[in-house]
Amino acid sequence: MNIVTDAKSQLTPEASLLAAHPTASGILTIDLDAIIANWRKLEKTAVPAECAAVVKANAYGCGAEQVSRALAKAGCKTFFVASVEEAAAVRAAAPEATVYSLGGFFQNTGDAYARIDCKPVIGDLNELAEWDVFCRRSGWSGGAGIHIDTGMNRLGLTVSEAQGIIPRINAGDHGITLVMSHLASAELLNNPANAKQLASFREIASLFTGVPASLANSSGVFLGAQFQFEMVRPGCALYGVNPTPEADNPMQQVVDLKARIVQIRNIDRGETVGYGGTWTARRPTRLAIVSAGYADGYFRAASANDGTRGAEVVVAGKRCPIAGRVSMDLIAVDVTDLDKNAVRRGHMVTLIGEGITVDEVAHHFGTIGYEVLTSLGRRFVRIYKGGDAVAARSDTVAETSEPAATPAAPPPLPAAEPTAMST
């Protein structure tokens with residue numbers, strides 16, 4: 001949704017937001033144009049490799065349907081999710097796209113994959129056997145990816161297990177549409193693990209004749225052409241997290257988070273603020289109490305105490321420090337240095353945006369941008385802007401779970417009914 005202020009109106013953009021959402025405690029704005037621009041930058045960096053998009057965890061908290069629809073319209077052809085349920089939301093938004101589920105294949109889940117034309121990424125020989133049984137009994141030929149572990153030690157066939165299925169690849173009609181691995185330390189440019197994983201993957205992928213290969217995640221895209229193979233799979237970089245933390249962030253900021261001031265109060269020097277009384281006013285202090293807290297994904301770790309300065313927020317265009325502990329629903333902010341007329345009850349405070357990046361907030365939270373994004377704004381109204389008018393505003397509080405989407409006209413299964421499968 002593009003927010004436009006009438007030329008005749010004297011309302012500021014923030015006042016327009018407040019007028020449109022008078023009961024909202026906070027507003028999370030997601031810039032789909034920025035996501036598209038980030039995808040195009042990654043695509044250009046990876047040419048001639050295909051640039052897919054990882055939209056798992058509800059597109060890192062930004063909305064899987066809205067993001068997938070915008071990226072598909074921009075030219076993205078392949079999406080990765082974590083589960084079949086997530087894949088359904090992407091299929092509804094991008095009917096023609098290729099969708100992979102990174103969560104693997106389980107016995108009796110074949111119908112769900114086939115119904116929405118989703119390809120499992122198989123990382124275990126048991127999964128491969130179960131997938132084979134399903135395909136043979138049902139006639140399904142939708143294809144699957146193969147995940148090979150080259151050093152993460154999480155998911156994936158071992159290299160020796162992958163070598164064991166090479167005769168199947170050489171025999172043809174194998175149904176494998178992608179061979180992939182995952183980098184463990186791609187954000188660290190000179191980490192020797194990157195070269196080790198690259199060498200291991202290059203050797204095994206070369207044996208998968210005619211099957212496209214994929215190794216690079218967001219940070220891996222910037223390790224160089226040798227890491228890019230036929231496809232790259234960026235995730236966090238699409239949403240503005242810095243994929244090159246040892247250098248400046250090449251990506252555009254995507255999210256803006258604002259929360260409402262519910263009260264202005266004055267305290268005397270020596271009074272404490274918040275749970276535990278860990279922050280003491282060193283002067284007569286003016287506080288703005290803001291309607292956001294750790295239940296909204298603004299972590300308690302951002303708190304301030306007498307020995308440690310916490311995170312900052314932007315009030316009336318200026319940075320102001322948090323005072324005391326972040327609680328479940330509220331944050332106290334020291335606005336003493338602002339003009340008294342600059343900040344009032346009902347105004348909005350910027351928690352992310354106006355120069356405060358997701359990575360900066362993550363630093364104060366003691367975590368990474370991924371966790372910040374996937375935790376944000378559970379009780380806030382979401383507004384989508386840009387995306388070539390393909391996304392609509394959400395007028396209700398964001399759901400905490402994936403939307404239950406069902407694709408239109410899913411491909412029917414063959415007539416043969418699958419029977420119970422065993423490993």
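Everything quoted here is computed from the prediction, not taken from an experiment. What's counted below: heavy atoms across the whole structure, side chains too, no hydrogens, waters or symmetry copies.
The residues Arg378 and Asp296 are annotated as not salt-bridged, no charged nitrogen and carboxylate oxygen being separated by less than 4.0 angstrom. With respect to Asp337 and Arg286, no salt bridge is recorded, no charged nitrogen being found less than 4.0 Å from a carboxylate O.
Take Ser25 and apply the side chain to side chain donor-acceptor pair (under 3.5 Å) test, not counting sequence neighbours, and it matches no residue. Applying the side chain to side chain donor-acceptor pair (under 3.5 Å) test to Arg319 and every residue at least two apart in sequence or in another chain returns Glu312, Glu360. Asp306 pairs by the salt bridge (Lys or Arg N to Asp or Glu O under 4.0 Å) definition with nothing, not counting sequence neighbours.
More than 12 heavy atoms of other residues, nucleotides or ligands sit less than 6.0 Å from atom CD of Glu246. Within 6.0 Å of CZ on Arg265 lie no more than 12 heavy atoms contributed by other residues, nucleotides or ligands. Residue Asp248 qualifies as open at atom CG: its count of foreign heavy atoms under 6.0 Å is 12 or below.
At distances below 3.5 Å, at least one donor-acceptor pair connects side-chain atoms of Gln197 with backbone N or O atoms of His182. Counting only distance, with no hydrogens or angles, the side chain of Ser160 and the backbone of Thr158 share no donor-acceptor pair below 3.5 Å. Checking side-chain atoms of Ser185 against main-chain N and O of Leu188 turns up no donor-acceptor pair under 3.5 Å. Within the 3.5 Å criterion, the main-chain N or O of Tyr60 finds no donor-acceptor partner in the side chain of Asn58. The backbone N or O of Gly353 sits nowhere less than 3.5 Å from a side-chain atom of Asp256 that would complete a donor-acceptor pair. A donor-acceptor distance shorter than 3.5 angstrom exists from the side chain of Glu271 to the backbone of Asp268, with no hydrogens or angles considered. Distance alone, capped at 3.5 Å, places no donor-acceptor pair between the Thr374 side chain and the Gly61 backbone. Using a distance-only test at 3.5 Å, with no hydrogens or angles considered, a donor-acceptor pair links the side chain of Lys119 to the main chain of Gly142. Side-chain atoms of Glu161 never come within 3.5 Å of backbone atoms of Asp124 as a donor-acceptor pair (strictly under, hydrogens ignored). Between the Trp39 side chain and the Cys51 main chain, a donor and an acceptor come within less than 3.5 Å of each other.
Judged by distance alone, the side chains of Thr350 and Glu354 do bring a donor and an acceptor atom under 3.5 Å apart. A side-chain N or O of Asp334 and one of Thr336 form a donor-acceptor pair less than 3.5 Å apart. A side-chain donor-acceptor contact under 3.5 Å links Thr244 and Asn242. Remark: the Thr150 side chain and the Ser200 side chain contain no N/O donor-acceptor pair separated by less than 3.5 Å.
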Test ring-ring contact (aromatic ring centres under 6.0 Å, His included) applied to Tyr100 and Phe79, step by step:
CA-CA 6 Å; Tyr100 284 95; Phe79 296 87; over 10 Å; no

ring-ring contact (aromatic ring centres under 6.0 Å, His included) evaluation trace for Phe229 with Phe201:
CA-CA 10 Å; Phe229 292 88; Phe201 183 67; 5.1 Å; yes

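Side-chain contact between Pro243 and Leu42: absent, with no pair of heavy atoms (C-beta onward) separated by less than 4.5 Å. Looking only at side-chain heavy atoms (C-beta outward), Ile261 and Val343 come within less than 4.5 Å of each other.
Residue Met231 comes nearest to Ser214 through the heavy atom pair O-OG, 3.0 Å, listed as atom of the first residue, atom of the second, then distance. In terms of heavy-atom proximity, Gly387 sits nearest to Ala70 at CA-CB, 4.4 Å. Across Ala24 and Val381, no two heavy atoms sit closer than the pair CB-CG2, 3.9 Å. Shortest non-hydrogen contact noted between Ala259 and Val290 is CB-CG1, 3.5 Å. When all heavy atoms of Ser303 and Arg300 are compared, the pair lying nearest together is OG-O, 2.5 Å. Pairing each heavy atom of Phe106 with each of Gly103, the nearest pair is CE1-O, 3.9 Å.
To the nearest 0.5 Å, atoms CG (Leu257) and OG1 (Thr29) are separated by 8.5 Å. Once rounded to the nearest 0.5 Å, the distance linking OH of Tyr239 with CG of Asn38 reads 10.0 Å. We find the CG-CD1 distance between Leu28 and Ile352 to be 7.5 Å, quoted to the nearest 0.5 Å. We find the CE-CG distance between Met251 and Leu238 to be 7.0 Å, quoted to the nearest 0.5 Å.
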Under 3.5 Å donor-acceptor pairs involving side-chain atoms of residues 43-50, not counting sequence neighbours:
{"unit_1": "Thr45", "atom_1": "OG1", "unit_2": "Lys41", "atom_2": "O", "d": "2.8"}
{"unit_1": "Glu50", "atom_1": "OE2", "unit_2": "Thr78", "atom_2": "OG1", "d": "2.6"}

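Annotation: side-chain hydrogen bond (donor to acceptor under 3.5 Å, both in side chains) contacts involving residues 218-232, sequence neighbours excluded, are absent. Identified under the ring pair (Phe, Tyr, Trp, His ring centres under 6.0 Å) test for residues 271-303, with sequence neighbours left out: Tyr298-Phe365, Phe299-Phe365.
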